[in-house]
Amino acid sequence: MKLKKIAAVFAAAALGLSVLAGCGDGGRTADPSETANPGFAADSLIGVSLPWLGTQNWKEAMDMFGSELEGAGYQAMVQSADNKVPQQQQQIEAMIDAGVSVLVVAPVDGSQLGSVLEKAKDAGIWVIGYDRLIENTKAVDAVVQFGSIKTGEVQGQSLLDGLAARKGDGPYNIELFGGGPADPNAPNFFTGAMSVLQPKIDDGTLVIVSGEVDFNVVATPDWSNQKAQVRMDSLLAAHYADKTIDGVLSPNDGIARAILTACEDAGQPVPVVDGLDAENESVISVWQGIQWSTVYKPTDKLVAETIRLINILQKGQALPAGNETAENGSKTVQVFALEPVAVTKDNAKEVFANDPERLALLV
Ligand code: BGC
């Protein structure tokens, strides 16, 4: 298969197409997205590099990429990197050596894959960012994700709606949490949420009792639920001995559950907490009236969108423009963004109508 690909590259070169053109930047191969696309064999090997399996969405992606890529006629090499940058770099190197035609990459750290992905480009491999942006390199052709700013806006709005629904009139005492700072989604989720919350902080409806509002202070290293719980324990001990906490902004479901556990341990009434991923445990919690909401970003849709792009590339066609763009520090990246949806007990049956696994949890 590697041979087939090499043959295709030579065939294209013989036709005068500039597959290997562009030595202007130190002999590096031109970005294939800016050159003719010779396509690749319909049974090519596709590499998928995931950051870790610590949240349900990545486990789903691991399974679905394996089965859906094979279902589409490709061979699949799907790996996850245990949240370790060097491990992800090595896995991607091995995928390049194995002769993949496309690399689908969700980076552990958005800005640490430049050199290995530039190597992939030199080998004529397409690079698609999956769920997370790939930063500070030209070696990315497109990103598929649920709009990350939009996701944060949905989270912030859901927190406000939950406070109004459950906690009467304000002002409300709240705290803020962000995701793992190495993940480019995390600051974007936070920016999106703060665009909704800041006006309510400014007008006094929301009171951040700890005063901790800076992303770098509220971020949760490695998206670790345990680290989030430790921070929530200390916030409660330091600031809420004589106060009730009404709500907490949470970047995902695992962190939401950690926050809820800390509040329960501190003897607080259940605060309004949003989430992300519609993880089974949180869907159950929402249905039982504990976690206020989650945000649904169905993995099957994101995997299907990725495979749609792979099929376009396989046929030798040019990628269309995305419906959004993102500046990654080196180039403007085309983003194929899907819509995230807030889920509360009220709309859960409707939102999960076509997701039998989650629907079955609503009993
Ligand atoms: C994903 C979330 C996930 C988080 C931690 C983010 O990049 O968008 O779905 O919860 O990583 O794994």
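Both counts, for ligands and for their atoms, begin at 1 and track the order of listing. Note that the structure is a prediction, hence the values are computed from the model and not measured.
- One finds the OG1 atom of T137 at 6.0 Å from the CG atom of L117 (value rounded to the nearest 0.5 Å).
- Counting heavy atoms under 4.0 Å from ligand 1, residue Y130 does not touch it at all.
- Ligand 1 is approached by K297 to a heavy-atom distance shorter than 4.0 Å.
- Counting non-hydrogen atoms of neighbouring residues, nucleotides and ligands closer than 6.0 angstrom, the CD atom of E212 exceeds 12 such neighbours.
- A salt bridge does not link K121 to E118: none of the charged nitrogens lies less than 4.0 Å from a carboxylate oxygen.
- If you number the atoms of ligand 1 from 1 as listed, the ones under 4.0 Å from a heavy atom of D277 come out as 2 (C), 3 (C), 9 (O), 10 (O).
- In this structure, F146 falls outside the shell of residues with a heavy atom less than 4.0 angstrom from ligand 1.
- Atoms of ligand 1 lying under 4.0 Å from any heavy atom of R132, numbered from 1 in the order shown and given with element: 4 (C), 5 (C), 6 (C), 7 (O), 11 (O), 12 (O).
- The structure places OG of S330 at 5.5 Å from CG of N136, a figure rounded to the nearest 0.5 Å.
- Close approach of ligand 1 to F189 is summarised as follows: ligand atoms under 4.0 Å from at least one heavy atom of the residue are 8 (O).
- Few gaps surround CG on D202; more than 12 heavy atoms of other groups in view lie less than 6.0 Å from it.
- Taking 4.0 Å as the cut-off between side-chain N and carboxylate O, R257 and E279 count as a salt-bridged pair.
- Residue D131 approaches ligand 1 through these ligand atoms, each under 4.0 Å from one of its heavy atoms: 1 (C), 7 (O), 8 (O).
- Looking only at side-chain heavy atoms (C-beta outward), Q157 and L160 come within less than 4.5 Å of each other.
- Atom numbering of ligand 1 starts at 1 in the shown order; those under 4.0 Å from a heavy atom of N252 are 5 (C), 10 (O).
- Of the listed residues (L50, D183, N83), the one carrying the non-hydrogen atom nearest atom 6 (C) of ligand 1 is D183.
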